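Bear in mind the structure is a predicted one, so any value in this text is a computation, not a measurement.
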Amino acid sequence: RKMSALLDGNAFAALLFKNDGYNVNALESAIRKNKVDTLQYLLQLDAVKMECQSNKDIMWRIVWWLNKKPNDVTIKMVGEALSITQETVKELQTHKIVEPESMTGFAEEHYSYWNESIPDEAVAKLRDESIPD
């Protein structure tokens with residue numbers, strides 16, 4: 001919160017979506033750890049919501065993490081904040097993350113999203129938990 005007060009929304013969002021050595025950004029880390037208070041704060045920021053909704057890679061990764069580390073409260077809150085629908089999830093199933101040209105800076109056990117997919121179960125799981133039709 002202190003950092004977001006010092007930076008404009010776009011600069012803060014750029015830092016938020018910067019990957020760590022494991023190829024995980026701060027929003028994904030909050031989803032992974034079910035940090036509901038942190039997620040509520042981040043997802044009420046217009047620049048963060050806009051980046052999530054306009055960047056298919058970011059939205060794919062959010063849905064992938066919601067499926068990988070499901071928590072009813074987190075799924076409901078993130079799904080509602082970002083207006084994720086069944087159709088959104090189905091569209092993202094066809095999206096592929098492109099493998100970066102360089103792995104410099106990544107830890108050996110980094111997340112390789114380019115080798116992953118969003119399974120059919122994610123559509124049902126996310127829908128059943130909270131996502132509006």
Side-chain angles (χ1 to χ4, degrees):
R1 290 181 192 215
K2 291 177 186 178
M3 187 70 109
S4 69
L6 297 173
L7 301 171
D8 75 6
N10 293 331
F12 179 72
L15 287 175
L16 180 71
F17 294 110
K18 186 169 174 41
N19 294 322
D20 64 13
Y22 295 98
N23 200 19
V24 177
N25 66 46
L27 185 67
E28 295 164 352
S29 182
I31 291 170
R32 196 172 128 218
K33 297 175 183 175
N34 293 307
K35 300 280 189 176
V36 175
D37 291 343
T38 301
L39 289 164
Q40 283 177 327
Y41 175 74
L42 294 173
L43 293 174
Q44 58 92 26
L45 299 172
D46 289 337
V48 172
K49 269 173 63 165
M50 284 180 23
E51 186 65 20
C52 291
Q53 292 171 328
S54 66
N55 185 314
K56 222 172 198 175
D57 284 353
I58 289 173
M59 185 64 85
W60 186 97
R61 287 169 59 156
I62 288 168
V63 170
W64 187 83
W65 276 110
L66 287 172
N67 180 63
K68 184 163 180 66
K69 297 286 187 177
N71 172 285
D72 295 352
V73 174
T74 302
I75 289 171
K76 181 174 179 58
M77 197 269 302
V78 174
E80 288 175 356
L82 297 177
S83 303
I84 299 172
T85 64
Q86 285 180 290
E87 191 61 33
T88 306
V89 178
K90 288 178 185 175
E91 283 178 29
L92 290 170
Q93 285 184 297
T94 63
H95 182 70
K96 285 290 183 194
I97 302 291
V98 176
E99 183 174 357
E101 291 181 21
S102 171
M103 297 294 174
T104 303
F106 285 155
E108 191 172 321
E109 292 90 31
H110 65 273
Y111 287 95
S112 302
Y113 302 107
W114 48 92
N115 292 328
E116 301 290 342
S117 61
I118 297 173
D120 290 338
E121 302 85 54
V123 177
K125 183 187 298 181
L126 296 173
R127 179 194 65 229
D128 291 346
E129 295 300 337
S130 70
I131 299 179
D133 289 334

Requested in this report: Any chance you could measure Lys49, atom NZ, to Gln44, atom CD, to the nearest 0.5 Å?
Outcome: 8.5 Å
Report task. Please tell me if the side chains of Ile118 and Asn67 come closer than 4.5 Å, counting only heavy atoms from C-beta onward. Result -> no
**Report entry** Flag side-chain contact, heavy atom, 4.5 Å: Leu82 against Met59
**Finding:** yes
Query raised in the report: Under a single-linkage definition using a 4.5 Å side-chain heavy-atom cutoff for Ile, Leu, Val, Met, Phe, Trp and Tyr, are Val78 and Tyr41 assigned to the same hydrophobic cluster?
Result: yes
Query raised in the report: How long is the gap from CG on Leu66 to CZ on Arg32, to the nearest 0.5 Å?
Result: 14.0 Å
Query - Side chains of Leu39 and Leu27 in contact at under 4.5 Å (non-hydrogen atoms) - result: yes
**Report entry** Student check: side-chain heavy atoms of Val89 and Thr85 closer than 4.5 Å
**Finding:** no
Report task. Taking atom types as modelled, find out whether Arg61 and Asn19 have a side-chain donor-acceptor pair closer than 3.5 angstrom. Result -> yes
Report task. Answer with yes or no whether the side chains of Gln93 and Asp120 bring together a donor and an acceptor at under 3.5 Å. Result -> yes
Query raised in the report: Taking side chain as C-beta onward, heavy atoms only, is Ile58 less than 4.5 Å from Gln53?
Result: no
Report task. State whether the number of non-hydrogen atoms from other residues, nucleotides or ligands found under 6.0 Å of Glu108 atom CD is greater than 12. Result -> no
Query - side-chain contact (heavy atoms from CB on, under 4.5 Å) between Val48 and Phe17, intermediate numbers included - result: CA-CA 9 Å; Val48 172; Phe17 294 110; 4.1 Å; yes
Requested in this report: Applying side-chain contact (heavy atoms from CB on, under 4.5 Å), run through Asn25 and Asp20 and close with a yes or a no.
Outcome: CA-CA 6 Å; Asn25 66 46; Asp20 64 13; over 6 Å; no
Requested in this report: Taking the side chain as every heavy atom from C-beta outward, state whether Ser29 and Trp65 have any atom pair closer than 4.5 Å.
Outcome: no
Report task. Determine whether Trp114 and Asn23 make a side-chain contact, defined as any pair of heavy atoms from C-beta on separated by less than 4.5 Å. Result -> yes
Requested in this report: Determine, using the 4.5 Å side-chain heavy-atom cutoff (strictly less than), whether Tyr22 and Leu16 are members of one ILVMFWY cluster.
Outcome: yes
Query raised in the report: What is the distance from atom CE of Met77 to atom CD1 of Ile31, rounded to the nearest 0.5 Å?
Result: 8.0 Å
Requested in this report: Write down the atom of Trp60, the atom of Ile97, and the distance for their closest heavy-atom approach.
Outcome: CE3-CG1, 3.7 Å
Requested in this report: Please examine the side chains of Tyr113 and Glu28, heavy atoms only from C-beta on, and report whether any two atoms are closer than 4.5 Å.
Outcome: yes
Query raised in the report: What's the spacing between Ile62 CD1 and Leu43 CG if we round to 0.5 Å?
Result: 7.0 Å
Report summary line: When rounded to the nearest 0.5 Å, the distance separating NZ of Lys96 from CD of Glu116 is 9.0 Å
Query - From OG (Ser117) to CH2 (Trp64), nearest 0.5 Å - result: 10.0 Å
Report summary line: Taking every heavy atom of Ala30 against every heavy atom of Thr38, the minimum-distance pair comes out as CB-CG2, 4.2 Å
Requested in this report: Look only at the side chain of Ser54 and the backbone of Met50, and say whether a donor-acceptor pair between them is shorter than 3.5 Å.
Outcome: yes
